[in-house]
Every structure is written in C-alpha cells, then in structure tokens.
There are 2 protein chains.
Amino acid sequence: MSEDQDKTLPVDRRIEADITRAIYDQRMPPGTRLSEERLGELYDVSRTVVRKALFQLSSRKLVEIRANRGARVAQPSAAQAREVFAARATLEAAMLEESMTRLTPADIDALRATLAHDHDTPTNETDAAESIAESGDFHKALARLHGNPILQEFLDELIGQTSLIIALYRPREAELCSHAAHGELLDAIEAGDAARARETMHEHLMDCLDALALEPPPADALADMLGRAR
Amino acid sequence: MSEDQDKTLPVDRRIEADITRAIYDQRMPPGTRLSEERLGELYDVSRTVVRKALFQLSSRKLVEIRANRGARVAQPSAAQAREVFAARATLEAAMLEESMTRLTPADIDALRATLAHDHDTPTNETDAAESIAESGDFHKALARLHGNPILQEFLDELIGQTSLIIALYRPREAELCSHAAHGELLDAIEAGDAARARETMHEHLMDCLDALALEPPPADALADMLGRAR
DNA sequence: TCGATCAAAATTGTATCCAATCATGACGAC
DNA sequence: GTCGTCATGATTGGATACAATTTTGATCGA
C-alpha cells in the first residue's frame, strides 16, 4: 500500500523507517538484537547515526534500550498489551463518535473500499502479516476522518505497538481483528448511530484483546515447548 | 509540588528535566535558542549527551530541531494550538467519562483538596506561572483516576505543550483555565453524571482555547509592540 | 548611503577514539 | 561433575576531532 522510501530521506530516518516497516510486517520479531555496529555496516554509516535512529525508535516504544546492554525490538509485557488495547479502545471510540457528525457519504464509501480491498487479499497463511497490516490501515483510515493530526499520530504509535503485541501473543489458530467486526463497525457508522458506533469500536478492540494469549505462560513453558511431560 | 530532581539521575535526563521544568514554569519562553556547546558547559558534559537530551525533548515537541540550525524551544503555531486543545478535549472528556464508573468518594475528596490548595495560592501577578502549572496538575490528577498509564503519559505531553501555547498566546488580561470551571467540573463529577461531566470537560477546554489570542497578529505587530502608529 | 558579494567565525552533523560495562568461556575448588 | 571465580573479548557510553553548513560582518561597488 504505502510506497517505498523517499530517496532524499536522511540516513537515520531511513534506518528508522526500515526497522519500523520490518516490525510492522512481522519480519523482525520482538527481542531481536539491534547491534549498533552491525547496523552501521549495513547502511555504511557510523554508530553515531545508528544510535540516533535507535533513540527515535525507542521513544515510539518499538525498541527497548537498556543501559550498556544495547537495543532490542521491544517485547511488551502482557500488562502493557492490555494497556495499549485499553488506550486504543478509549481513544478510537471517542474519535469515532466525534467523527460521526461530519461524515460524508463519500467517506463511508472510501471505508467500504478499504474493507473490500482488504477482503480481496488471498489469505495465504504465510502472510498473516499482510492481513494484520491492513487491519491496522482500516483503523488508521477511520482515525484520519476525525481530522486531528495529533491524535492520529498518537494512534499510529499505538497501532505500531499492536504489531509487536500480536507477534508476541497471537494464539496459533485465531485471526485477530476479524473482518466481520470491521463490517459491523461500518454498519453502525452508516446507520449514523454515534453511540452504537462508539460502543461497537470499544467492544471490537476488547475482543481483539481477549483473543490474545496473554495468560501467564504455563509454569514450565520450557517443558511444553520441548513437548515433554515434566 | 513535585520535589527537586533525584541525585542519581543520568545527566541527560537531568538536562531534559531541567529544561522541561523551565518551560513549564514559563521561565524559558518559546523560541529560546538552546546551544549545544553552551548547555554542555553548564552541565560540564560533552555535546554528545546534550544532543541526546535535546532529541528527547524534540520528540515530546517541547523543542524544535532544524537541520544545521540548532534547537529552540518550540513555538507552536496557532493551528497547532487548536489541535492540541482539540486533542485534549477529545481525550480528557473520554477518559473522564470512563473514570466516572469507578470513582470513589475518596477520589473526589482528593480532587477537591487539589482544587482548594490551588485556590489558596496568592494570585500575585508575577507567578501566573504557578497558577498555570497547578491548573495542569488538576487535569493530570483527573487523568490519573482513569488508570491507563499510556493515556496518562500522552496527556502529560499535551499539557506540556499547552504551557508553550499559553506562553505564546495568552492575552494580557485574562486568566486561563479558570478555577470556576474546575469547580463546575467537580460538581458534575460529584453528581455522578457521566455525560454531563464529559460535556463540561469538553466545553472547559474549548473555553480555554477561545480565551487565547490566536488570531493572526495584526499585520504589523512590530508597530504595535513599539506603541507607534504606522 | 544602500546593496551585494564574499570571507571568516560560529554552530551543527558525523566519524573516530578511548573508557566503562557486560557477556562469554576457561580454570580451579569443592 | 558441578558450581563459582576470574580473565578475556565484545559492545555500548561518552569525548574529541574533523567536515559541512549556516550566520555574521566586512569590503567593494553603484
């Protein structure tokens, strides 16, 4: 959907954007070490500028920097995951309700289009990543209708963190953020029922949260992972 | 209210905190140049660490960094000012409404105490700064009741930016964020009327926005400032 | 006297270097 | 044989040195 990077982007921005994209696309899993020297080699640049990029990323909570221990792709805790979804629920519900008064039919059509295009994409198992990204895009499209760039940018941040959360806590089977739910959402919007739209959004995000496997991993996850009885 | 810095704070954090405080207290006006070398001298540290602090501050939009032109205390435009207040209205109204269900009488008492203490402070003209900071504290106290650290932190950011906006656009006479409004807010909260509380919060912030002198400055503000007819 | 061009100074951006801290592996004691 | 200690290596944190850009002011010309 979004095109490749601008050629004129400063190198540090470029690194930042590349890592961000890699995280969004689930190519770079939580916990991945980000060595300053290695990144410097890859982009043919000194550690100074790499560090700059890493700091930017850490301020968006996509990477964690621990003193003297380097940077890793962030691994939000279960508690943080809940907080992110709760924050999204509060924010997106409020934004949506406020948007409702000034929604044009054209806006709604555009949303349907996004959803349709979304549905088109073949659900090959390998890129569930694709599906996740496009689900995020739908939420971003909704937020854009509200018209406040500050809230929009903040939500982008939260959606970014959601990528990490999904990577960490998505159960094997289920798909998150079902298309069906987005459809329901659109129905409520089209009906012009602000209160219901708000409520639907809130529930949708809480459903997404509930679909995650946030429970404390079984006491010895190790044995489980190895497929051995203890 | 909040005490002086922790002694064990890393230097870059310390610089960040000091500048933040100076901005909040209206001692460091928008547009102030922040020379890397000068700051380095002041804290007896190299530019490397100063830059780190400045970048942090710029990610919170308290300072603006322009390529090869150094850092200044940010000067939000009138448009940005509107966006900040609109974002606060949306967010704080939503948070407040959600908080209402789980508010205890103790919480309300604590808020009244904050407000009373707030009222106590003598309104000497010199520190209108004090009054601004405490008004911010009241809003932060409300947000804390919601219980979501992510939204809380984000709101802190917005309130910080509000300091800059007030510094830039407060008209000579008026006080912003009147105590009266906070009193009304508390009444609505105490009455347990979530919808009214939400609406009151929204209106309060919009009133604050309207009280600002955001209009494009008269074509030659310079002449005005010098008290000369053109 | 005003304006433009150009040179010098100051300031930021980046690279490199050294110091400090943490991780890894070997050795030795129990 | 296992655990603890210590030394070595790798990696980050910070300071300095250098390059690039901008700003300032000075000189020259109209």
Side-chain angles (χ1 to χ4, degrees), chain A residues 5-20 22-23 28-75 220 222-223 226 230, chain B residues 5-20 22-23 28-75 220 222 230:
Chain A
Q5 318 307 331
D6 184 3
K7 208 64 180 175
T8 67
L9 218 55
V11 196
D12 56 331
R13 288 287 176 185
R14 171 74 195 256
I15 298 177
E16 199 188 329
D18 284 356
I19 294 180
T20 299
I23 290 176
M28 201 176 264
T32 304
R33 277 208 74 220
L34 298 168
S35 154
E36 297 177 358
E37 189 169 3
R38 184 92 187 84
L39 284 170
E41 290 170 9
L42 284 174
Y43 288 89
D44 193 40
V45 83
S46 91
R47 281 176 47 215
T48 308
V49 47
V50 173
R51 288 169 68 89
K52 190 169 159 184
L54 291 177
F55 278 121
Q56 295 288 130
L57 286 164
S58 84
S59 80
R60 287 197 288 152
K61 307 216 172 95
L62 288 182
V63 320
E64 283 168 2
I65 297 182
R66 286 184 308 179
N68 289 312
R69 294 181 158 199
R72 300 176 167 278
V73 176
Q75 309 183 71
D220 46 7
L222 186 55
L226 297 173
R230 43 193 154 147
Chain B
Q5 318 306 332
D6 184 3
K7 207 65 180 175
T8 67
L9 216 56
V11 197
D12 57 331
R13 288 287 176 185
R14 172 73 195 257
I15 298 177
E16 199 188 328
D18 285 355
I19 294 180
T20 300
I23 290 176
M28 200 176 265
T32 304
R33 276 209 74 219
L34 299 168
S35 153
E36 296 178 0
E37 189 169 3
R38 183 93 186 84
L39 284 171
E41 289 171 9
L42 284 175
Y43 288 89
D44 193 39
V45 84
S46 92
R47 281 176 48 216
T48 309
V49 46
V50 173
R51 286 170 69 86
K52 192 169 158 184
L54 291 177
F55 279 121
Q56 294 289 128
L57 286 165
S58 85
S59 81
R60 289 196 288 151
K61 306 218 173 94
L62 288 182
V63 320
E64 283 168 3
I65 297 182
R66 287 185 307 181
N68 288 311
R69 294 182 159 196
R72 304 176 165 275
V73 176
Q75 311 183 70
D220 47 7
L222 186 56
R230 41 193 156 148

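Here is how names work: the chains are called A, B, and so on, in the same order as the sequence lines, proteins then strands, and each is numbered from 1.
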Could one point to a donor on the side chain of Arg47(B) or the base of dG13(C) with an acceptor on the other under 3.5 Å away?
-> yes
Which listed nucleotide (dT14(C), dT16(D), dC22(C)) is nearest to the side chain of Ser46(A)?
-> dT14(C)
Value rounded to 0.5 Å, distance of CD in Glu16(A) from CG in Asp12(A) = 7.5 Å
To the nearest 0.5 Å, what is the distance between CG (Leu62(A)) and CD1 (Ile19(A))?
-> 9.5 Å
Should the pair Glu37(B)-Arg47(B) be classified as a salt bridge under the 4.0 Å nitrogen-to-oxygen rule?
-> no
DNA chain D contacts made by residues 29-39 of chain A, counting heavy atoms under 4.0 Å | Arg33(A), Ser35(A), Glu36(A)
Comparing nearest nucleotides in DNA chain C, the 5'-proximal residue of the pair Val49(A), Ala71(B) is Ala71(B)
In Å, rounded to the nearest 0.5 Å, how long is the span from CZ of Arg72(B) to OG of Ser58(B)?
-> 15.0 Å
Do any side-chain nitrogens or oxygens of Arg69(A) fall under 4.0 Å of OP1 or OP2 in dT21(C)?
-> no
Could you pull out the closest heavy-atom pair between Lys61(B) and Ala74(B), with the gap in Å?
-> O-CB, 3.6 Å
Report the C-alpha distance between Tyr43(B) and Val49(B) in whole Å, list the side-chain angles of each, state the deciding distance to 0.1 Å, and finish with yes or no for side chain to side chain contact (heavy atoms under 4.5 Å, CB included).
-> CA-CA 10 Å; Tyr43(B) 288 89; Val49(B) 46; over 6 Å; no
Does Lys52(B) have a side-chain nitrogen or oxygen under 4.0 Å from the phosphate oxygens OP1 or OP2 of dG14(D)?
-> yes
